[in-house]
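Down below is the structure, laid out as structure tokens.
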Amino acid sequence: MTNRWKSIGLAALLAGLTLSTSYAEAAGVLTIGRREDSTTFDPIKTAQNIDNWVFSNVYDVLIRVDKTGTKLEPGLAESWTASDDGLTYTFKIRDTKFSDGSPLTAEDAAYSLLRIRDDPASLWSDSYKVIDTAVATDAHTLTIKLKNPSAPFLSTLALPNASVISKKGMESLGADAYGEKPIASGAFVIEEWRRGDRVILKKNPNFWQADRVKLDGVEWISVPDDNTRMLNVQAGELDAAIFVPFSRVEELKKDPNLNVAIDSSTREDHLLINHAHGALGKKEIRQALDLAIDKNAIVDTVTFGQGTVANSYIPKGALYYYADNLQRPYDPAKAKEMLAAAGASDLTLNYVVRAGDEVDEQTAVLVQQQLQKAGITANLQKVDPSQEWDMLVAGDYDISVNYWTNDILDPDQKTTFVLGHDSNNNYLTNYKNGAVKELVAKARLELDPKKREAMYVDLQKMSKDDVNWIDLYYSPYINVTRKNIENFYQNPLGRFFLEDTVKN
């Protein structure tokens with residue numbers, strides 16, 4: 001999912017200049033600088049990294065993705081079995097409690113899954129409609145029956161948005177109040193959420209792995225400006241910061257007080273194209289745009305060599321990634337010819353750019369210059385991050401750079417969002433291809449790994465031919481910490497394992 005979301009506000013800007021004194025002065029409290037503030041702690045109502053990366057340590061899921069980001073491991077479900085026909089799954093729920101001391105039961109797990117499937121506010125319902133019934137046969141046994149066999153089913157249970165919440169708490173507090181200060185099932189509980197400034201977490205003593213947690217608490221502090229955030233870490237005003245600009249990596253590595261962590265990721269940056277806007281609805285026009293962009297130059301200039309050119313919506317190293325997928329060469333002359341043949345020689349595009357994001361702004365200037373060589377005028381519209389997402393959702397753009405990190409191990413989730421005609425207009429692009437949509441659905445049902453892989457290879461080829469969006473580059477997660485911080489780690493799906501982090 002992306003990390004380009006909602007409001008920051010004046011309070012966050014001020015926080016970036018002078019970090020106020022806080023609970024973080026206590027020993028064992030980790031302070032982390034990030035760009036944006038959270039938007040909600042109701043798991044089903046967000047598809048944002050900035051939310052999920054925080055509440056992955058506030059909630060727990062039935063099944064987790066391990067530290068390597070390559071396999072599933074037990075979470076709140078200590079074990080599970082599947083019937084021979086692949087339709088019935090039985091989960092043994094741990095004997096544990098929520099942060100308020102109430103028992104966490106199979107009924108809470110069933111409620112959470114049915115809520116993400118059925119609630120009108122859920123952004124994830126499509127991925128869970130395969131569930132026919134979810135029933136607590138006793139306090140520690142959850143039985144799920146599927147409408148049909150589903151290859152990605154177990155992976156979807158590891159999605160942070162499918163976290164187990166308290167049924168009693170949600171029904172008594174209501175969704176709005178629960179989304180502000182939830183009852184936790186994970187390593188930390190929300191002590192306070194100062195909107196536009198910080199989220200203050202405290203260790204949850206009722207967490208089933210409480211003995212594993214070394215920190216007393218965590219503060220996620222909004223510092224929108226990249227350079228200010230780095231200066232805060234260098235000055236010791238923050239213990240850690242995420243989203244280190246590519247341009248600062250080598251400098252920060254030389255600081256004897258800091259550690260720079262470069263962790264494997266599933267991040268893919270791409271250029272969104274709004275297919276609903278005039279000429280952009282023509283495949284030939286989109287192919288010309290792809291030819292007009294020099295991805296190697298972007299990798300060298302913008303990522304300082306930290307990235308690698310992307311050739312698929314499935315990230316390199318992920319399940320069913322097709323290494324031999326088409327990668328169009330940089331050919332502005334050919335692009336110009338194609339545009340002329342398609343009657344779009346004077347193509348002018350509105351390019352929405354996220355103001356204050358160093359990488360986004362650098363990429364925009366470079367892409368604008370490259371498109372100009374093909375006769376395309378790209379007018380850069382710099383907008384506040386609080387505006388950008390709403391503009392993209394509303395379709396008020398022609399092109400805009402965005403990124404996605406995988407949330408589950410299986411490719412079905414991203415494929416459904418990006419190609420499967422989902423409720424988000426194929427992830428903001430309005431891309432439509434009936435044959436692709438049909439194959440997305442078939443791939444979800446195919447249980448033979450070789451046959452399923454062939455389907456995903458075809459999907460990568462078809463989407464590349466259609467240019468659903470323009471793949472730009474893959475890049476690692478780059479974070480920085482003070483030297484006294486140990487085990488600050490992000491797995492390839494983006495989860496921070498703060499239950500293992502130590503502040504000396």
Side-chain angles (χ1 to χ4, degrees), residues 4 268-303 307-313 325-355 357-383 387-388 391-392 394-403 418 425-433 461-474:
R4 300 172 172 273
E268 187 231 354
D269 283 65
H270 45 263
L271 185 74
L272 293 173
I273 302 173
N274 189 347
H275 296 217
H277 279 195
L280 296 178
K282 295 181 180 180
K283 180 168 70 173
E284 295 78 12
I285 302 295
R286 300 192 301 271
Q287 290 175 340
L289 283 175
D290 197 7
L291 288 167
I293 296 176
D294 186 347
K295 291 84 172 175
N296 284 296
I298 293 173
V299 167
D300 293 340
T301 305
V302 176
T303 80
T308 57
V309 173
N311 66 334
S312 169
Y313 75 92
N325 203 32
L326 173 66
Q327 184 176 305
R328 290 185 179 88
Y330 174 52
D331 193 341
K334 176 66 174 176
K336 202 168 189 176
E337 290 177 9
M338 292 181 68
L339 291 170
S345 295
D346 59 348
L347 187 62
T348 298
L349 302 174
N350 175 37
Y351 185 163
V352 172
V353 183
R354 192 166 181 265
D357 184 324
E358 177 182 309
V359 171
D360 208 36
E361 292 190 358
Q362 289 176 344
T363 303
V365 171
L366 194 57
V367 169
Q368 181 187 47
Q369 294 170 347
Q370 293 172 355
L371 293 178
Q372 186 61 51
K373 292 179 181 179
I376 303 168
T377 300
N379 295 321
L380 306 187
Q381 183 181 2
K382 292 186 179 182
V383 300
Q387 295 175 261
E388 184 211 27
M391 290 178 66
L392 297 182
D396 188 16
Y397 81 101
D398 291 326
I399 56 175
S400 183
V401 169
N402 211 317
Y403 81 86
V418 173
N425 293 319
N426 276 337
Y427 204 62
L428 316 172
T429 63
N430 293 292
Y431 167 61
K432 297 289 186 293
N433 182 320
K461 290 179 179 178
M462 294 163 78
S463 59
K464 177 64 74 171
D465 181 61
D466 282 341
V467 194
N468 67 298
W469 64 30
I470 295 175
D471 302 306
L472 296 178
Y473 60 87
Y474 307 125

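The figures that follow rest on heavy atoms only: side chains count, while hydrogens, waters and symmetry mates do not.
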* Asked: Mind checking whether Val401 and His270 have side chains closer than 4.5 Å, heavy atoms only?
  -> no
* How close do Ile273 and Arg286 get, heavy atom to heavy atom, and via which atoms? -> CG2-CD, 4.0 Å
* side-chain contact (heavy atoms from CB on, under 4.5 Å) assessment of Leu428 paired with Asn402 -> CA-CA 10 Å; Leu428 316 172; Asn402 211 317; 4.3 Å; yes
* To the nearest 0.5 Å, what is the distance between CG (Leu280) and OH (Tyr431)? -> 15.0 Å
* Can you tell me how far OG of Ser345 sits from CD of Glu337, rounded to the nearest 0.5 angstrom? -> 11.0 Å
* Hey, are Asn468 and Tyr313 close enough side-chain-wise for a donor-acceptor pair under 3.5 Å? -> no
* Which value, rounded to the nearest 0.5 Å, describes the distance between Leu271 atom CG and Asp290 atom CG? -> 9.5 Å
* To do: Specify the closest pair of heavy atoms between Ala279 and Leu347, including all atoms of both residues, with the distance to one decimal.
  => CB-CD1, 4.1 Å
* What distance do Asp331 atom CG and Ile293 atom CD1 have between them, rounded to the nearest 0.5 Å? -> 13.5 Å
* **Closest approach of Val418 to Trp469 (non-hydrogen atoms, all atoms of both residues)** => CG2-CH2, 3.6 Å
* **Close side-chain approach of Leu289 to Ile376, heavy-atom, < 4.5 Å** => yes
* To do: Start with the C-alpha distance between Asn325 and Lys461, add both sets of side-chain angles, then the distance that settles side-chain contact (heavy atoms from CB on, under 4.5 Å), and finish with yes or no.
  => CA-CA 6 Å; Asn325 203 32; Lys461 290 179 179 178; 3.8 Å; yes
* Heavy atoms, side chains only, cut-off 4.5 Å: are Val352 and Asn350 in contact? -> yes
* **Separation between CD of Gln287 and CD1 of Ile470, rounded to the nearest 0.5 Å** => 10.5 Å
* **Asn274 and its side-chain hydrogen bond (donor to acceptor under 3.5 Å, both in side chains) partner, picked from Thr429, Asn430, Asp398** => Asn430
* To do: Search all heavy atoms of Leu291 against all heavy atoms of Pro329 and return the closest pair with its distance.
  => CD2-O, 3.3 Å
* To do: Measure the shortest side-chain to side-chain distance between Asn311 and Tyr474 over non-hydrogen atoms and say whether it is less than 4.5 angstrom.
  => yes
* **Side chain to side chain, Leu472 and Tyr403, heavy atoms closer than 4.5 Å** => no
* So, for Ile285 and Ala344, which heavy atoms are closest and what is the spacing to 0.1 Å? -> CD1-CB, 3.5 Å
* Interatomic spacing from CD in Glu361 to NZ in Lys382 - rounded to 0.5 Å -> 4.0 Å
* For the pair His277 and Tyr397, name the ring-plane relationship: parallel under 30°, tilted 30 to 60°, perpendicular over 60°. => tilted
* Asked: Under the side-chain contact (heavy atoms from CB on, under 4.5 Å) criterion, do Asn379 and Thr377 qualify, and how do the steps go?
  -> CA-CA 6 Å; Asn379 295 321; Thr377 300; 3.7 Å; yes
* Minimum-distance pair of heavy atoms, taken over all atoms of Tyr351 and Ala364 -> OH-CA, 3.4 Å
* Before accepting this row, confirm whether a basic side-chain N of the pair Asp471/Lys295 lies closer than 4.0 Å to the acidic partner's carboxylate O. => no
* **Side-chain donor-acceptor contact under 3.5 Å, Asp294 with Gln370** => no
* Got Ser400 and Glu388 here, is their nearest side-chain heavy-atom distance under 4.5 Å? -> yes
* To do: With side-chain contact (heavy atoms from CB on, under 4.5 Å) as the test, would you mind laying out the steps for Gln381 and Val353 before giving the verdict?
  => CA-CA 6 Å; Gln381 183 181 2; Val353 183; over 6 Å; no
* Using modelled atom types only, decide if a donor and an acceptor are shared between the side chain of Arg328 and the backbone of Ala292 within a distance under 3.5 Å. => no
